[in-house]
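Below is one structure, written out as structure tokens; the observations come after it.
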Amino acid sequence: MSEPDRRYGPATLPTARGPLSAAVVQALRHPPHELPADLGVGLYPADPITDEDLQLTLFLCYELHYRGWLGVDESWEWQPTLLALRARCERVFETALRRLVGAPSVPAAGVAAGLTELVAADDGPALAATLQRRADLTQFREFVAHRSVYHLREADPHSWALPRLGGPAKAALVEIQTDEYGNGRLDRMHAELFRSTLDRLGLDTGYGAHIDVAPAVTLATNNLMSLFGLHRRLRGALLGHLAAFEMTSSLPNRRYGNGLRRLGFDEVATRFYDEHVEADAVHEQIAAHDVCGGLVRVEPALASDVLFGAAAGLAVDRLFAAHLLDSWAAGRSSLRAPAPPAVPPKVSLVAAPAVASPAPSALV
Ligand SMILES: [Fe+2]
Ligand SMILES: [Fe+2]
């Protein structure tokens with residue numbers, strides 16, 4: 001049998017980050033079998049959202065429901081003892097998320113107004129402004145490597161909502177997802193546009209190529225979507241997450257594109273970001289009013305879940321942004337070692353607009 005196309009997965013199994021992920025990685029290298037019944041029992045790390053071992057263990061389990069892992073028996077996806085371990089990890093993760101954001105109350109004006117309030121109150125660190133104005137090439141490449149974990153499968157976690165919905169919310173979600181998947185054209189799929197950005201920046205474009213260097217907080221931004229996406233009971237949270245995502249996308253994406261232009265990159269590198277400036281200005285309206293509003297009109301009891309999902313997405317994204325900015329401020333890489341492969345970046349020959357020199361990077 002020929003090797004699968006690396007661009008589309010499955011990814012290579014990552015390196016373990018602690019005893020739990022080591023046990024899972026080791027198990028996955030063999031045919032499906034029972035895991036020790038006490039694996040992960042009593043687990044409660046000090047900070048589950050930034051715990052490397054917990055987040056990688058969750059990511060290992062979740063990926064079995066996306067593209068799987070290279071060389072790993074596909075029957076692991078439904079192996080009961082692995083699912084039981086995943087459930088133990090999920091309880092810890094979900095409890096931490098609920099502690100982080102509490103239970104947002106639904107305003108009288110409705111769920112769309114509640115989403116707008118949450119987004120307006122989001123005072124996250126200025127990651128987009130830094131990438132636009134000051135980040136050097138090394139830092140921008142780090143940001144892109146982090147985000148590749150999601151963008152190379154962009155929209156997939158939210159697609160899990162589709163079979164769980166009917167009526168107006170489903171129709172509206174299909175409208176958004178159709179755009180995300182390029183209206184059926186491979187070269188317009190957002191994941192493919194992002195692959196071009198990776199390529200232009202000289203980074204590995206393979207599916208899951210940067211998992212090993214992605215720290216826990218980056219994996220947590222992904223695990224959050226998988227947790228919401230894989231549990232029908234959390235469908236409200238999944239759609240709230242999507243709405244918050246779309247409502248906080250347009251302006252930052254303009255800034256990311258401008259940051260790449262400042263660094264001298266061409267429109268092939270910036271297309272992914274440029275595309276989102278226009279698309280997400282539309283998507284945010286559809287997501288808040290038609291998807292989330294449509295869901296709550298049919299299932300009013302899900303309104304607070306919608307706001308929980310949105311608040312959790314915004315909160316974990318704030319932690320992600322703080323991690324990058326704090327690392328850079330301290331002169332450290334925001335990635336785990338090893339750094340992405342040092343391929344010369346494909347900087348365009350288009351002259352970059354004159355700007356002040358970017359701050360020198362302390363990163364190698
Ligand atoms: Fe997109
Ligand atoms: Fe979008």
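Only a predicted model underlies this, so the values are computations on that prediction, with no experimental measurement involved. Order of listing sets the numbers, starting from 1, for every ligand and every atom in it.
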Margin query: Under the side-chain contact (heavy atoms from CB on, under 4.5 Å) test against Leu203, which residue among Glu142, Arg141, Arg195 passes?
Written below: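 Checked Glu142, Arg141, Arg195 against Leu203; only one passes side-chain contact (heavy atoms from CB on, under 4.5 Å): Arg141.
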
Next item on the list: Considering just N/O/S atoms, say which atom of His190 is closest to the Fe ion (ligand 1).
Entry: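 Of the nitrogen, oxygen and sulfur atoms in His190, the Fe ion (ligand 1) lies nearest to ND1.
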
Notebook entry, point to check: Which atom, counting only N, O or S, brings Glu154 closest to the Fe ion (ligand 1)?
Noted result: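 Result: OE2.
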
Margin query: Let me check your reading of the structure: within less than 2.8 Å of the Fe ion (ligand 1), is there an N/O/S atom from His276?
Written below: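 Checking His276: at least one N, O or S atom is under 2.8 Å.
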
Notebook entry, point to check: Picking from Tyr62, Trp160, Phe308, what satisfies ring pair (Phe, Tyr, Trp, His ring centres under 6.0 Å) with Phe228?
Noted result: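 The passing option is Phe308.
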
Check: Can a salt bridge be assigned to the pair Glu299 and Arg164 using a cut-off of 4.0 Å between side-chain N and carboxylate O?
Finding: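 Result for this pair is no, no salt bridge flagged.
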
Checklist line | Metal check, the Fe ion (ligand 2) vs Glu246 N/O/S, cut-off below 2.8 Å | finding: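 For Glu246, the answer is yes, given that an N, O or S atom comes within less than 2.8 Å of the Fe ion (ligand 2).
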
Note to self: Below 2.8 Å, can you find an N, O or S atom of His283 next to the Fe ion (ligand 2)?
What the structure shows: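 Of the N, O and S atoms in His283, at least one lies under 2.8 Å from the Fe ion (ligand 2), which means yes.
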
Notebook entry, point to check: Phe194 and His190: aromatic ring centres closer than 6.0 Å?
Noted result: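 When the ring centroids of Phe194 and His190 are compared, they turn out to be at least 6.0 Å apart.
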
Notebook entry, point to check: Is the distance between the ring centroids of His65 and Trp76 less than 6.0 Å?
Noted result: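 Ring-ring flag for His65/Trp76: false, centres at least 6.0 Å apart.
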
Notebook entry, point to check: If the Fe ion (ligand 2) is the vertex, what is the angle to OD1 of Asp280 and OE2 of Glu180, rounded to 10 degrees?
Noted result: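 Taking the Fe ion (ligand 2) as the apex, the two atoms subtend 150°.
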
